[in-house]
Structures are given as C-alpha cells and as structure tokens.
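See below for the structure under consideration.
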Protein chains: 2
Amino acid sequence: MPQESQQQAPRQTRQTQQREEERAGAGAVEVAVDADVMAFIERFAAQLVEAGMPRMPSRVFAALLVSPDGALSSAALADQLQISPAAVSGAVRYLAQAGLILRERDPGSRRELYRLHNDQWFETFTNREHMLVRWESTLRTGVYSVGEDSDAGRRLAETAAFFEFLQRELTGMMERWRVYRTTL
Amino acid sequence: MPQESQQQAPRQTRQTQQREEERAGAGAVEVAVDADVMAFIERFAAQLVEAGMPRMPSRVFAALLVSPDGALSSAALADQLQISPAAVSGAVRYLAQAGLILRERDPGSRRELYRLHNDQWFETFTNREHMLVRWESTLRTGVYSVGEDSDAGRRLAETAAFFEFLQRELTGMMERWRVYRTTL
DNA sequence: CGTGAACTTCACAAATTTCTGAAGACAGCG
DNA sequence: CGCTGTCTTCAGAAATTTGTGAAGTTCACG
C-alpha cells in the first residue's frame, strides 16, 4: 500500500459538502451526510459483515464510527441508513451486547443516544480470547476421544497447543499495541 | 415439478445420528466410527461454523482431522456424515480453494482421496493477512473522506494504524510459533 | 392520570443460503 | 466403443436469516 505522508494535498473539500439537502422546514432531524462518507460506511460495513457481524449492526456501527461525536440518536441512524426503528433497535441491542457501544440517555429525556464504547473498539472486536479457550478445550476432548497415541490424536494435540500458544501471544500483543500507540 | 403425489418420506434430519453399520456384503466402504469421535466431529464443526466456515465444509474438515490417515474418500465422507455426494463435492471444493485440503487420485483409479493439506492447517486457517490489508486500505480511504483533522478522521486513522500493527505482529507471531512447536 | 414520543417486541414476508436428487461429464476397463 | 463407477453441476425445495409494519410498553410532561 502506498505510503503517503509527505505532501498531503490541501484537502478540506471533503468537510465542506455537508449540506446537500438540509430542509429549512420544521425540525428536520437529519443531518445530510456526504456521499463519499456514505460510501465509506457501506464499504466498511460490508467488511464487518464479511468478518461475521450481521448486516444492520455493521451498518449502524460504521455510521457511529464516522459520526462527528461518535454518537447518534436512534432517529438519526434510522434516517441516515434508511432503516426502520425496529432495525435500529435490533442492531443496537446486538452492539451493546457485544460491548461495542453504550446506551446513553439524557436525564429527563425519552431520546436515547448510542455511543461508541471506547476509542479502542478494535480491541474489543479482535478480542477472541474466549473463543480460543473453547477451541482448546474442545480439542483436548478430541485428543482423548481418538486416543492420544494415534496420529489423529497427535494432530489434535498440536492444534490445541497452537491455540494455547495463541492465547499467550495475543495478550502480549495487545500490551505491545498499547505501548506502540502512544508513539503515534 | 411439484411432486405431491409421491409420498415423500419425512426429511431425514441431520440430527438423527444413525449408527454406522457395516454392511455384511463384501467391499463395504464404510468404517464404523466411534460415537465419541462422531460427537467430537460435530462439536468441532460447530465451532468452525461459528468462526465463519459453512456447515458442510466444516463437517468434512472435522472428519478428515480425526481420520487415522488424515485422508478420506468421497464415499467414506458421504457415508460417515450422512450427506449426499453433491454435498461432499461442494464442501471439498470449498476446502481445496481455501488451501486446507489436497485432492489426490491414485493413478488408474476413479476414486479421489481428500487429504489434509499439511499438519499446520491452523496456520492457514488463522492467516488473515489479506483481510488485514483490506481493512487498513478501506480505513485509509475513510480517513480521507471524513477529513483527517476531524475527530472521526482521527478515530479511523488510529484503527488503520492498529491493523497495520497487527499485520506486523502476526508475522512475527507465526515465526515464534514455528520455533516453539519444535520444543513440544 | 392522561397523552404522546420513543424505543421494543412480535409475526410475517422477502431474500438468502443450503442441501438434495437427478442428470451430466469424465475416465478406466472390458 | 460402450459400460460403469465416480465426481460435478444444476434447478429447485427447505430452512434460515433479515427487516418491516404494527401493536405494545414505558415514561416524561402537562
């Protein structure tokens, strides 16, 4: 991938297109979002889907990621993504459960805000610790079932060892990331 | 063509795990597999599915993993897993494409053998290099779209940096694994 | 307390995925 | 050459997943 650092062209044009269809009329909730940004949302969401996240949660999450404050209301999400309130509700439940967003509510308001849970969402997203544990556990049972002195047993045992190794490595890796990111 | 007059027997559910019975006749291909091992296959396959692999490829792969030689014929797979030859064909195509198995054919035989590609299948399975590259690339575009001096831009940029970091780390990690595994 | 805004739940329709039977293609063998 | 065993392709049935409309619930506020 190209390494572009030096001559960053004066690119402010992107941020200035923010008002295509702002209704002058009664309290329009919608904040028109740049077509480029919408395209990114869909592209990013598609990759989340590919990684296993359901479609609506992916789109909602992507929209939150590029939102100025990292937070949007239910209505804003429904409007921007052209989906029903029910779809927003489902997506938001999924994301909250996954620990990726937080539900906020201004006291004395019926309106909820959904906010990115922290600025390190990808740590949550890539955290597969519990999965690795289960893989290892399943595999160890398998070793027992096929007999540990068989070829199959040795295959499974090595796989289990790999997942055990992975668990240790990933922990260390995240520590290195936290250090590294302060240098960015 | 609707076949309503034909009294279609109730669809055999996949859950009904029929006991593998050795046919008395000569040349029975099937090798009865222990119920414990079958249970492991299904459990392991379920975890592969959870990780994103389609059901049939997962089951086929699991069956190969616990097979004595790490290889089975199409017929053996169909029989053991109670699936149609078509399903085996599809699963095997998927697995070969993914680089997890190898197709073998004894010269002068019409029968194919599917063999685990190597004893380090999990290296292949966990190799997400290309994915990471695409994530990073998508994210960099996003930074550009939202403007790199916005909050959203900084969020995306940090995420991109994380995926770049991951790419480097995973490479090193696999090297450490190869060293470590020789000590097992 | 009643009203209505805002979110949630539910049942169903639509879209998608998955597996099967059946026909097809390919290759060894008589 | 044609037969037969083995794998592949294909159309369609079944199951599953998804998203919507509409009814239900909750709660701030009058």
Side-chain angles (χ1 to χ4, degrees), chain A residues 26-27 29-30 42 45-46 48-50 52-61 71-97 101-115, chain B residues 1-16 25-30 45-46 48-50 52-60 71-97 101-115:
Chain A
V29 180
E30 59 237 72
E42 294 305 331
L48 285 171
V49 168
E50 200 178 348
M53 190 182 291
R55 185 166 163 63
M56 287 296 125
S58 298
R59 301 217 297 149
V60 165
F61 186 75
L72 291 170
S73 71
S74 177
L77 285 166
D79 178 66
Q80 182 178 334
L81 300 174
Q82 299 282 324
I83 60 183
S84 70
V88 174
S89 177
V92 148
R93 174 150 39 93
Y94 180 98
L95 292 170
Q97 168 64 33
I101 68 170
L102 233 44
R103 316 165 82 115
E104 300 185 349
R105 189 162 215 156
D106 297 326
S109 166
R110 270 151 284 144
R111 187 153 217 156
E112 247 176 3
L113 256 201
Y114 306 113
R115 180 177 303 283
Chain B
M1 178 185 190
Q3 43 185 150
E4 82 259 328
S5 56
Q6 290 268 0
Q7 189 57 9
Q8 193 62 305
R11 290 215 111 33
Q12 57 182 53
T13 64
R14 313 192 228 319
Q15 291 89 339
T16 345
V29 181
E30 58 241 68
L48 285 170
V49 168
E50 200 179 347
M53 190 183 289
R55 188 161 259 101
M56 287 297 125
S58 299
R59 301 217 297 150
V60 165
L72 291 170
S73 70
S74 175
L77 285 166
D79 179 66
Q80 182 177 335
L81 301 174
Q82 298 284 315
I83 59 182
S84 71
V88 174
S89 178
V92 147
R93 174 149 39 92
Y94 179 99
L95 292 170
Q97 168 63 33
I101 68 169
L102 233 44
R103 316 166 81 115
E104 301 186 348
R105 190 163 215 154
D106 298 325
S109 165
R110 269 149 285 149
R111 188 152 216 158
E112 244 174 7
L113 257 201
Y114 306 113
R115 180 177 301 284

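Per chain, numbering begins at 1; letters A, B, ... match sequence-line order. All values reported here derive from a predicted model rather than from experimental measurement.
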Next on the checklist: Between C1' on C/dT20 and CZ on B/Arg55, what's the gap in Å once rounded to a whole number?
Outcome noted: 16 Å
Checklist outcome for this item: Residue set satisfying side chain to side chain contact (heavy atoms under 4.5 Å, CB included) with B/Pro85, at least two apart, ordered chain then number -> none
Item to check | Residues which pass side chain to side chain contact (heavy atoms under 4.5 Å, CB included) with B/Ala87, listed by chain and number, not counting sequence neighbours | outcome: B/Met56, B/Ile83, B/Ser84
Item to check | Interatomic distance, A/Ile101 CD1 vs C/dC7 C1' [rounded to whole Å] | outcome: 13 Å
Item to check | Set of salt bridge (Lys or Arg N to Asp or Glu O under 4.0 Å) partners for B/Arg115, sequence neighbours left out | outcome: B/Glu104
Checklist entry - Atom CE of A/Met56 to atom P of C/dA15: distance rounded to whole Å? => result 14 Å
Checklist outcome for this item: A/Glu104 atom CD is separated from C/dA6 atom P, nearest whole Å, by 17 Å
Item to check | Per-nucleotide protein contact string for nucleotides 4-11 of chain D (B base, S sugar-phosphate only, - none; heavy atom under 4.0 Å) | outcome: -BSSBB--
Next on the checklist: Going by the rule ring pair (Phe, Tyr, Trp, His ring centres under 6.0 Å), which residues pair with A/Tyr114 if we only count those two or more places apart in sequence or in a different chain?
Outcome noted: none
Item to check | Euclidean distance, atom OH of residue A/Tyr94 to atom P of C/dT9 [Å, nearest integer] | outcome: 17 Å
Checklist entry - Closest heavy-atom contact between A/Ser73 and A/Leu113? => result N-CD2, 3.4 Å
Item to check | Interatomic distance where CG belongs to A/Leu81 and C1' belongs to D/dT18 [whole Å] | outcome: 15 Å
Item to check | 5'-most by nearest nucleotide on DNA chain D - A/Ile83 or A/Ser109 | outcome: A/Ile83
Next on the checklist: Expressed as a whole number of angstroms, how long is the span from A/Leu77:CG to D/dG19:C1'?
Outcome noted: 16 Å
Item to check | Those residues that, when tested against A/Arg110, pass side chain to side chain donor-acceptor pair (under 3.5 Å) (two or more places apart) | outcome: none
Next on the checklist: Without decimals, in angstroms, what is the distance between B/Asp106 CG and C/dA27 P?
Outcome noted: 17 Å
